[in-house]
Amino acid sequence: MMMMPDFPVVTVAEMKALEGEAFKLGLPYDQMMERAGLGVAEAIQKRFNTLAPRSILGLVGSGNNGGDSLIALARLAQAGWRATALLSATETTDSPLAQRLEEAGGTIVGWSKFPDKNALITNCLSQAGLILDGLLGTGTRLPLRGPVAEILSALRSQPALPPVVALDCPSGVDCDTGEADELTLPARLTLCVEAAKTGLLRFPAADLTGELQRVPLGLPAGSWLPGQPNTRLLTTAMAHFLLPPRASNAHKGTFGSALLIAGSRHYTGAALLATAAALRAGPGLVYAAIPLSLHAPLACAVPEAIWEVLPEVEGGIAAEAASLIPPILANKQALLLGPGLGQAPTTRAFLTALLTEILPRQATPIPMVLDADALRLLATLADWPAYLPASCLLTPHPGEMAALTGLSIQAVQADRVAIARKFARAWGQAVILKGAHTVLANPSGQVVVLPGATSALAHGGSGDVLAGMAVGLMAQGLDAWDAGRLAVYLHFQCAVLATQTVGHPASVLAGDLVKEIGKVFRDLQTTSPS
């Protein structure tokens, strides 16, 4: 059986501890540097194999990243690349690694040896189709000073630069906090040695990293401390492994049934979007329980769903509707509660009865996705986690997370990974903390972070689509953790495709996301899991 591909996320201290354990287990530090440099060279050759001319300018500092860079440049030179190293420190020009680059046919240039810095930069760039940024590593302290600041300032003053590949992190980024110096060069690609560093997923650094790609070091077994890594990136390879199987001889019963309880007069669209997204996620049947007055427009808009009408008061579900839910729940594999329900007093009474009386009495607890107004209601109930069965998925945005936890939004956003992990453990439920670089956490303390952000999702209804996809996946047998991870990946990729289709993230509507679900499934299904 193949292992699920892994992309760990660590703090700077955790990375140092990891390297220390690897050293104790017999892997010398110089061999780690060798593996890192060769891995970087291999990644560059694969990614930029059509680059013409094959020429690269390496920005080389005096630390370990500089050593990794010189090894990578030497390997590229051996492979026929025109490789130039611009060294920030004079003493590095005579180092064994610099000599190795020269012996491979590369060029060494010392920053301090050229009085005309503008001419030097112009000459270096005239021969470069790519920049490898290896000036500074994970131990960066801001603000930048000295030759490193001078080099970056000179490059930032140029009218145009070739693509930048950052080694481990763009120089000038604090790899723990995500702070970034104003001189930092934005990278198209950041090659993370063994693991991504936590600061790369925080702003403003996250806007400077480009795509993240792992360069594994092949560390000895046992290098990771017990329980680590407990934070990972949500990669395409991970999402591929989570896809539910779809046998060609299956029938609608094979893929389960989902039930949504959603909608009110003011938020009819939420029920529509969540239902449509659930259907596109692949369950055999999708049922939606809605206020009576919404039936005609919604049934016409989404004829594939099966509609259950509930009594209402002024456009919202009436309190007495709670008693009608048990037979509707029969033979359903997953329940979504919340999108567009509103906060009218009668609907709040319905939700309260459902969560505290009706659902706890079910002989077989049904896995649930709780979103939007259901989360707002939970926050008002004392000891609300006690009312939820196991295997629920909570999908709060920062404001809803603040309401659930009693923290301020600022506190939630200050350390999203830690907050999601803490409360997923405390509540015993899987949590999706929505927002840029969405964070997912499970009760065991595992965290996955989406390495992407787009303003295309900053529109009303986007969360309804995510919740609908999640319940559709849970109906097919995925547990809350797996369904949440796959739904978050699909949701983000739908935004990427919708932006391409519509032309600009400002114009992407939640309905546009639903239209792209099938294409994202197709692309993910055909992706190599390696």
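This chain uses plain numbering: 1 for the first residue, then up along the sequence.
Although no hydrogens or angles enter the test, the distance criterion places no donor-acceptor pair under 3.5 Å between the side chain of Glu179 and the main chain of Asp174. Thr190 places no side-chain N or O within donor-acceptor distance of the main-chain N or O of Leu212, the cut-off being under 3.5 Å. A donor-acceptor contact shorter than 3.5 Å links the side chain of Gln476 to the backbone of Ala281. Counting only distance, with no hydrogens or angles, the side chain of Ser462 and the backbone of Ala458 share no donor-acceptor pair below 3.5 Å. Between the side chain of Ser69 and the backbone N or O of Asn65 there is at least one donor-acceptor pair closer than 3.5 Å. At least one donor-acceptor pair closer than 3.5 Å links the side chain of Arg156 to the backbone N or O of Thr184. Side chain of Lys197 to main chain of Ala195: a donor-acceptor pair is present (N/O by atom type, distance under 3.5 Å, no hydrogens or angles). Judged by distance alone, the side chain of Arg416 and the main-chain N or O of Val449 form no donor-acceptor pair under 3.5 Å. Using modelled atom types, no side-chain atom of Thr107 and backbone atom of Thr84 make a donor-acceptor pair closer than 3.5 Å. Of the possible donor and acceptor atoms, one in the side chain of Arg246 sits under 3.5 Å from a partner among the backbone N and O of Gly282.
Here the closest heavy-atom approach between residue Ala420 and residue Ala441 is recorded as O-CB, 3.4 Å. Taking both residues in full, the closest heavy atoms of Ser408 and Ala402 are given as C-CB, 4.0 Å, listed atom of the first, atom of the second, then distance. Minimum interatomic distance between Thr499 and Ala456 (heavy atoms only, all atoms of both residues): OG1-CB, 3.5 Å. The two residues Ala495 and Leu457 make their nearest non-hydrogen contact at CB-CD2, 3.6 Å. Listed here is the closest heavy atom pair of Leu125 and Pro162: CD2-CD, 4.1 Å. When every heavy atom of Ala104 is checked against every heavy atom of Ala74, the shortest pair comes out as CB-O, 3.6 Å.
With rounding to the nearest 0.5 Å, the separation of CG in Leu101 from CG in Leu73 is 5.5 Å. To the nearest 0.5 angstrom, Glu42 atom CD is 11.0 Å from Leu191 atom CG. For the atom pair CD1 (Ile131) and CZ (Arg188), the distance works out to 11.5 Å, reported to the nearest 0.5 Å. Between the NE2 atom in His240 and the OG1 atom in Thr526 there is a gap of 9.0 Å [rounded to 0.5 Å]. With rounding to the nearest 0.5 Å, the separation of CH2 in Trp481 from CG in Leu486 is 12.5 Å. The CZ atom of Arg280 sits 13.5 Å away from atom CG of Leu490, with the distance rounded to the nearest 0.5 Å.
No side-chain donor-acceptor contact under 3.5 Å links Arg54 and Gln45.
Lys515 places none of its side-chain heavy atoms less than 4.5 Å from the side chain of Thr501. Considering only heavy atoms from C-beta on, Tyr29 comes within 4.5 Å of Glu19 through its side chain. Between Leu433 and Phe423, every side-chain heavy-atom pair lies at or beyond the 4.5 Å cut-off. The closest side-chain heavy-atom distance from His491 to Val465 is below 4.5 Å. Looking only at side-chain heavy atoms (C-beta outward), Gln493 and Asp523 stay at 4.5 Å or farther from each other. Side-chain atoms of Leu185 and Pro170, non-hydrogen and from C-beta on, never get closer than 4.5 Å to each other. Annotation: side chain of Val448 is not in contact with side chain of Tyr489 (no heavy-atom distance under 4.5 Å). Contact check for Met33 versus Leu97: side-chain heavy atoms found under the 4.5 Å cut-off.
Crowding of Asn64 atom CG: a count of heavy atoms from other residues, nucleotides or ligands under 6.0 Å not exceeding 12. Glu182 CD: 12 or fewer foreign heavy atoms inside a 6.0 Å radius. For CZ of Phe23, the number of neighbouring non-hydrogen atoms (other residues, nucleotides, ligands) closer than 6.0 Å is 12 at most. For Arg421, the CZ atom counts as densely surrounded, since its 6.0 Å shell holds more than 12 non-hydrogen atoms of other residues, nucleotides or ligands. Around CZ of Arg82, the count of heavy atoms belonging to other residues, nucleotides or ligands within 6.0 Å does not exceed 12. Heavy atoms from other residues, nucleotides or ligands lying under 6.0 Å from NZ of Lys422 number 12 at most.
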Stepwise side-chain contact (heavy atoms from CB on, under 4.5 Å) test for Trp427 and Cys392: CA-CA 10 Å; Trp427 299 333; Cys392 288; over 6 Å; no

With salt bridge (Lys or Arg N to Asp or Glu O under 4.0 Å) as the test, would you mind laying out the steps for Asp176 and Arg202 before giving the verdict? CA-CA 9 Å; Asp176 275 336; Arg202 296 181 176 183; over 6 Å; no

Hey, mind stepping through Arg100 and Leu70 against side-chain contact (heavy atoms from CB on, under 4.5 Å) and telling me if it holds? CA-CA 8 Å; Arg100 175 174 166 179; Leu70 287 170; over 6 Å; no

Is there a side-chain contact (heavy atoms from CB on, under 4.5 Å) between Leu142 and Leu144 once you walk through the steps? CA-CA 5 Å; Leu142 306 181; Leu144 298 180; 4.1 Å; yes

Evaluate Met32 against Glu194 for side-chain contact (heavy atoms from CB on, under 4.5 Å), listing each step before the verdict. CA-CA 10 Å; Met32 293 186 218; Glu194 185 61 24; over 6 Å; no

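Checking Leu132, Val40, Leu167, Leu38 one by one against Asp68, the side chain to side chain contact (heavy atoms under 4.5 Å, CB included) holds for a single residue, Leu167.
Aromatic ring pairs are classed by plane angle as parallel below 30°, tilted from 30° to 60° and perpendicular above 60°; the pair Phe203 and His437 is tilted.
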